[in-house]
Amino acid sequence: MAKSFLAMKTGPAAGASEASQALLESDLRELTMAARKLANHAIVLGGGIGFIGTFLQWLVFFCCRYLLVLDKTNWKTNMLTGLLVPYIFFTMPGLLFGFIRGEIGAWIAFVVVVLRLFFPRHFPDWLELPGSLILLTVVAPAIFADTFRGSWLIIGVGVCLVIGCYLLHEHIKASGGLKEAFQKPNGWSNTIGILLLFIYPVWAVVMWFL
């Protein structure tokens, strides 16, 4: 009788304890899976945003290079295309910026200065703006190279938006209107190139406020 009584007392209690433990383990597994999914989504989202930003930086960089080439060929206007130099400075991809700002960039800047000083007749005109960009990148103070391109990126982006608006206004004015800017044989490609300059600054502003 005593044994059966003990079995009745311990049997249900042991079963309830095992059920509680199994339920706890199930909840822990679900929490672990949810944490993994959240981490994976965060990594994918962060990596995607970083990739988009880098891609847009390279896109506007090549657009600026395209416009600089046009400035020396069939796009000769009175616009201050030299403003593309600070634009590239603030939007240059970090990998390329670090490369130019390092020792190799310093040697390139040194060669450019030597050629400009001692061999001015042999210094090509098309090298003026690229050389200025390299010099600006190498000698820029930390407040421009690090702060305005990093923690205070919104300032550099604001400068780029102003430059883009000025170039677009002057290009439309020189073309004789917005319609003509898209209809002239060489005008539409120039107009599209300038419009693409707004992609990265606008994206950076949106990301800043988000």
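- Separating the CZ atom in R101 from the CZ atom in F89 is a distance of 6.5 Å, to the nearest 0.5 Å.
- Atom CG in L196 sits 10.0 Å away from atom CG in L56 (nearest 0.5 Å).
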Check: Run the side chain to side chain contact (heavy atoms under 4.5 Å, CB included) check on L68 and V85 step by step: do they pass?
Finding: CA-CA 9 Å; L68 289 176; V85 171; 5.6 Å; no
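- Going from atom CG of L84 over to atom OG1 of T91 covers 9.5 Å, rounded to the nearest 0.5 Å.
- Annotation: salt bridge (Lys or Arg N to Asp or Glu O under 4.0 Å) contacts involving residues 187-197, sequence neighbours excluded, are absent.
- Ring geometry for W107 versus F110: interplanar angle over 60°, hence perpendicular rather than tilted (30 to 60°).
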Next item on the list: Would you sort out whether F123 and V112 count as a side chain to side chain contact (heavy atoms under 4.5 Å, CB included), showing the intermediate values?
Entry: CA-CA 9 Å; F123 191 82; V112 170; 4.1 Å; yes
Show me the donor-acceptor pairs, under 3.5 Å and distance only, between side chains in residues 130-148 and residues at least two apart or in other chains.
residue : atom : partner : partner atom : Å
S132    : OG   : E128    : O            : 2.8
T137    : OG1  : L133    : O            : 2.8

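- If you take CG on L59 and SG on C64, they are separated by 9.5 Å, rounding to the nearest 0.5 Å.
- Residue L83 holds its CG atom at 10.0 Å from CG of L129, rounded to the nearest 0.5 Å.
- Counting non-hydrogen atoms of other residues, nucleotides and ligands closer than 6.0 Å to CG of L117 gives a total above 12.
- The distance from the CD atom of Q57 to the CG atom of L96 is 10.0 Å, given to the nearest 0.5 Å.
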Checklist line | Step-by-step side chain to side chain contact (heavy atoms under 4.5 Å, CB included) determination, F99 to L95 | finding: CA-CA 6 Å; F99 177 80; L95 180 64; 6.0 Å; no
